[in-house]
Chemist: 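Sharing a structure here in structure tokens format.
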Amino acid sequence: MNILAIDIGGTKISAALISRDNQLTHHTQIKTPASASPTQLYEALVAITTPLKAYADGVAVASTGIICDGVLTALNPNNLGGLKNFPLKKTLSTITGLPCWLLNDAQAAAWAEYDYRHENISDMAFITVSTGVGGGLIQQGQLQLGKRGIAGHLGHTIADPHGPLCGCGRYGCVEAIASGRAIASQAVNELAGKDAKAIFTAYHQGSLQAKTIIENSASTIANLVADIKAIIDADCVVLGGSVGLANGYIELVQAAIRQQPEALQVPILAAHYHHNAGLWGAVLWARKH
Ligand code: ADP
Ligand code: BMX
Ligand code: ZN
């Protein structure tokens, strides 16, 4: 089966064809509409699927947000224009005329990264540090979805109860401190208004302010990793997303976890599938089902 894979994130929507012999081709990317109203998301999905759908036998989707019974609802409405009960599966089936399989983006990436390592491990977590902070858990070789699709939403565990208000309504979520959006929101003075990518550039140029913000993000993720070890006794934790994969970031998280009690330390690895972990995970999941 040739599958049209789509990854819907808070910043970008990417798509590619993945052939039955695992060749990824025709990779394309568009910006996620600024206010992803149902109409704008519909138009973006038409734009990205139209050139590719004729070559595919099915569609596999990894999407930010809670995915339950093919319906998408944002947990953090700031990340996806407050989409609620968006019929993603039905919409894509109608646009493409093809069968569709859906997963949350980080759950999908967790599945791909587990599939790559499954001979050596049985329990792991994937964390994407991107627009938000997403997560996916594998326990005893099983991807955890939860009855309502929420399992693994690690970005909305609390890092600091006195921390900033998260778009989900809680105070001090990991996402509100460590995500790309959170990194940008903490910038002041010479860095005010810059995005996380620009703040990383400033960090590599020696900006002390950028260093403080990025180290705070990395140590927040390291605390989350130690919490995951305590909860599921993970064999490893895999990092992805454009912040997670940014030059120097994983080393900061690894340095911070070495400050934790030994029993709560765990190997922290960069995603084997890099930025395409969501695309691959969606396809591998679709083939399995
Ligand atoms: P999505 O959330 O749509 O899946 P990404 O994984 O690309 O997309 O995450 C977007 C976030 O990553 C933004 O906050 C952006 O500023 C940041 N970002 C993008 N490229 C880089 C980079 N090279 N280094 C650090 N941060 C980056
Ligand atoms: C948010 C949440 C998660 C998602 C994570 C990473 C929404 C719209 N999304 O915590 O479902 O997995 O962001 O998403 O509530 P990304 O856009 O950063 O890749
Ligand atoms: Zn939250």
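One-based numbering, in listed order, for ligands and for the atoms of each. What's counted below: heavy atoms across the whole structure, side chains too, no hydrogens, waters or symmetry copies.
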Chemist: Is Lys53 atom NZ crowded by more than 12 heavy atoms from other residues, nucleotides or ligands, each under 6.0 Å away?
Modeler: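 Atom NZ in Lys53 is packed in, count exceeds 12.
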Chemist: Is the count of non-hydrogen atoms from other residues, nucleotides or ligands lying under 6.0 Å from Gln29 atom CD greater than 12?
Modeler: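 Yes.
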Chemist: For ligand 2, give me the residues whose heavy-atom distance to it is below 4.0 Å, by chain and number please.
Modeler: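 Ligand 2 pocket, heavy atoms under 4.0 Å: Gly9, Gly10, Thr64, Gly65, Ala74, Leu75, Asn76, Asn79, Leu80, Asn104, Asp105, Ser130, Thr131, Gly132, Val133, Gly134, His153, His156, Glu175.
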Chemist: Would Asn76 and Glu175 count as having a side-chain donor-acceptor pair, cut-off 3.5 Å?
Modeler: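 Glu175 and Asn76 do have a side-chain donor-acceptor pair below 3.5 Å.
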Chemist: Does atom CG (Asp69) have a neighbourhood of more than 12 heavy atoms from anything else shown, all under 6.0 Å?
Modeler: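 Counting other residues, nucleotides and ligands, CG of Asp69 stays at 12 neighbours or fewer.
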Chemist: In the structure I gave you, are the side-chain heavy atoms of Ile228 and Ile127 within less than 4.5 Å of one another anywhere?
Modeler: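 Of all side-chain heavy-atom pairs linking Ile127 with Ile228, at least one is under 4.5 Å.
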Chemist: Polar contacts were defined as any N/O atom of the residue lying under 3.5 Å from an N/O atom of the ligand; does this apply to Gly10 and ligand 1?
Modeler: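 Yes; the residue has a nitrogen or oxygen that sits under 3.5 Å from a nitrogen or oxygen of the ligand.
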Chemist: Could you tell me whether Glu190 atom CD has more than 12 heavy atoms of other residues or ligands within 6.0 Å of it?
Modeler: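 Yes - once you tally the heavy atoms of other residues, nucleotides and ligands closer than 6.0 Å, there are more than 12.
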Chemist: Taking 4.0 angstrom as the limit and counting only heavy atoms of Gly241, give me the atoms of ligand 1 inside it, by number and element.
Modeler: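 Every atom of ligand 1 under 4.0 Å from some heavy atom of Gly241: 6 (O).
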Chemist: With sequence neighbours excluded, give me every ring-ring contact (aromatic ring centres under 6.0 Å, His included) pair touching residues 89-125.
Modeler: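 Applying ring-ring contact (aromatic ring centres under 6.0 Å, His included) to every pair that reaches into residues 89-125, excluding sequence neighbours, yields Trp111-Tyr114, Trp111-Trp285, Tyr116-His272.
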Chemist: Do me a favour and list the nearest non-hydrogen protein atom to atom 22 (C) of ligand 1 with residue, atom name and distance?
Modeler: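 Scanning the protein heavy atoms, the shortest distance from atom 22 (C) of ligand 1 goes to Lys197 CG, 3.7 Å.
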Chemist: For the atom pair CG (Leu279) and NE2 (His27), what is the distance rounded to the nearest 0.5 Å?
Modeler: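 Here the rounded value is 5.0 Å.
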Chemist: Main chain of Ala182, side chain of Gln186: is a donor-acceptor contact present, judged purely on distance under 3.5 Å?
Modeler: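 Checked: pair present.
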Chemist: Write out the residue and atom name of the closest protein heavy atom to atom 25 (C) of ligand 1, then the distance separating them to 0.1 Å.
Modeler: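 The closest one turns out to be Phe200 CD1, 3.4 Å.
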Chemist: Polar-atom distance check: Thr11 versus ligand 1, any N or O pair below 3.5 Å?
Modeler: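 Yes, there is a polar N/O contact under 3.5 Å.
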Chemist: Answer yes or no: is there a side-chain heavy-atom contact under 4.5 Å between Asn104 and His153?
Modeler: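 A side-chain contact exists here, since the closest heavy-atom pair is under 4.5 Å.
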Chemist: Search all heavy atoms of Cys173 against all heavy atoms of Gly155 and return the closest pair with its distance.
Modeler: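 Looking at all heavy atoms of both residues, the shortest contact is CB-O, 3.4 Å.
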Chemist: What residue and heavy atom of the protein are closest to atom 8 (O) of ligand 1, and at what distance?
Modeler: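 The protein heavy atom lying closest is Lys12 NZ, 3.3 Å.
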Chemist: Checking a contact table here: which protein heavy atom is nearest atom 2 (O) of ligand 1, and how many Å away?
Modeler: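 For this ligand atom, the closest protein heavy atom is Thr131 OG1, 2.5 Å.
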Chemist: What N/O/S atom of His156 gets nearest to the Zn ion (ligand 3)?
Modeler: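 Within His156, restricted to N, O or S, the Zn ion (ligand 3) is closest to atom ND1.
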Chemist: Rounded to the nearest 10°, what angle sits at the Zn ion (ligand 3) between SG of Cys166 and SG of Cys173?
Modeler: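 My answer is 110°, to the nearest 10°.
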Chemist: Give the residue, atom name and distance (to 0.1 Å) of the protein heavy atom nearest atom 18 (N) of ligand 1.
Modeler: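 Protein heavy atom at minimum distance: Ser242 CB, 3.5 Å.
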Chemist: Report the member of Gly180, Ser63, Ala246 with the shortest heavy-atom distance to atom 14 (O) of ligand 1.
Modeler: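 When every heavy atom of Gly180, Ser63, Ala246 is considered, Gly180 comes closest to atom 14 (O) of ligand 1.
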